[in-house]
Participant: 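Encoded as structure tokens, here's the structure I'll be asking about.
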Amino acid sequence: GEVIFSLLAGAAGYRFRVQTKAAQYLRLKANGTETLMYDGSETAAGGYFRTNVISRLLSGYWDGSRWVIDTVVGYWRKDI
């Protein structure tokens, strides 16, 4: 199965961090029409990143208009 973590609606000061601890799909999903941005590329509204490899990590913050991923450890697939 797949575990889905849906981010809260973005607000000033909000941050997130997720890390896989099992070889099971983990999906980090943006809320509603919000997006995730990494390395100059943005997901579609309600987009996501996912992986199924142990010890992968994502962290980021709300910048006032979208979620910005500032740390990536390992491979994550991005919804585009």
Side-chain angles (χ1 to χ4, degrees):
E2 181 175 51
V3 175
I4 300 172
F5 287 113
S6 295
L7 292 167
L8 298 173
Y14 278 15
R15 292 193 59 82
F16 69 86
R17 178 182 168 151
V18 294
Q19 183 174 8
T20 56
K21 297 290 188 176
Q24 177 178 354
Y25 272 108
L26 170 68
R27 181 187 297 213
L28 177 71
K29 185 174 180 345
N31 184 325
T33 60
E34 295 175 355
T35 61
L36 295 156
M37 168 77 84
Y38 176 68
D39 198 26
S41 180
E42 198 165 4
T43 66
Y48 63 86
F49 279 72
R50 78 176 191 167
T51 190
N52 67 343
V53 180
I54 296 172
S55 296
R56 299 304 187 234
L57 171 89
L58 281 181
S59 69
Y61 61 93
W62 179 253
D63 77 350
S65 60
R66 67 183 150 256
W67 292 100
V68 177
I69 296 172
D70 59 6
T71 303
V72 175
V73 175
Y75 173 78
W76 289 77
R77 179 176 174 255
K78 178 181 72 164
D79 167 47
I80 52 172

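Count residues from 1 along the sequence.
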Participant: Let me confirm one number: the CD-CG distance from Q19 to L26, rounded to the nearest 0.5 Å.
Facilitator: 10.0 Å

Participant: Rounded to the nearest 0.5 Å, what's the gap from NZ on K29 to CG on N31? Could you check?
Facilitator: 8.0 Å

Participant: State which residues pass salt bridge (charged side-chain N to carboxylate O under 4.0 Å, His left out) with R66; sequence neighbours excluded, sorted by chain then number.
Facilitator: E42, D63

Participant: Might you point out which heavy atoms bring V72 and I69 nearest each other, and give the distance in Å?
Facilitator: CG2-CG2, 3.6 Å

Participant: In the hydrophobic clustering (ILVMFWY, side-chain contacts below 4.5 Å, transitive), which residues join V73, or is it alone?
Facilitator: L57

Participant: Out of curiosity, does W62 fall in the hydrophobic cluster containing F16 (side-chain heavy atoms, cut-off under 4.5 Å, transitive links)?
Facilitator: yes

Participant: To the nearest 0.5 Å, what is the distance between CD (E34) and OG (S65)?
Facilitator: 9.5 Å

Participant: Do you know the tightest heavy-atom contact between D79 and A44?
Facilitator: OD2-CB, 4.1 Å

Participant: Tell me the closest heavy-atom pair linking E2 and R50, and the distance in Å.
Facilitator: OE2-NH1, 3.2 Å

Participant: May I have the step-by-step check of side chain to side chain contact (heavy atoms under 4.5 Å, CB included) for F5 and L58, ending in yes or no?
Facilitator: CA-CA 12 Å; F5 287 113; L58 281 181; over 6 Å; no

Participant: Sequence neighbours left out, what passes side-chain hydrogen bond (donor to acceptor under 3.5 Å, both in side chains) with R56? Give chain and number order.
Facilitator: none

Participant: Which of parallel (below 30°), tilted (30 to 60°) and perpendicular (above 60°) describes F49 and Y38?
Facilitator: perpendicular

Participant: Hey, any chance Y75 and V3 share a hydrophobic cluster, counting ILVMFWY side chains that come within less than 4.5 Å of each other, even indirectly?
Facilitator: no

Participant: What's the verdict on side chain to side chain contact (heavy atoms under 4.5 Å, CB included) for Y48 and L7, showing C-alpha distance, side-chain angles and the deciding distance?
Facilitator: CA-CA 10 Å; Y48 63 86; L7 292 167; over 6 Å; no

Participant: Take atom CZ of R17 as the centre, draw a 6.0 Å sphere, and report whether it contains more than 12 heavy atoms from other residues, nucleotides or ligands.
Facilitator: no

Participant: Can you name the nearest heavy-atom pair linking A22 to I54, along with the distance?
Facilitator: C-CG1, 3.4 Å

Participant: Please assess D70 against S59 for the test side chain to side chain donor-acceptor pair (under 3.5 Å), listing each intermediate value before the final yes or no.
Facilitator: CA-CA 6 Å; D70 59 6; S59 69; 3.1 Å; yes

Participant: Between Y14 and W67, is there a side-chain heavy-atom distance shorter than 4.5 Å?
Facilitator: yes

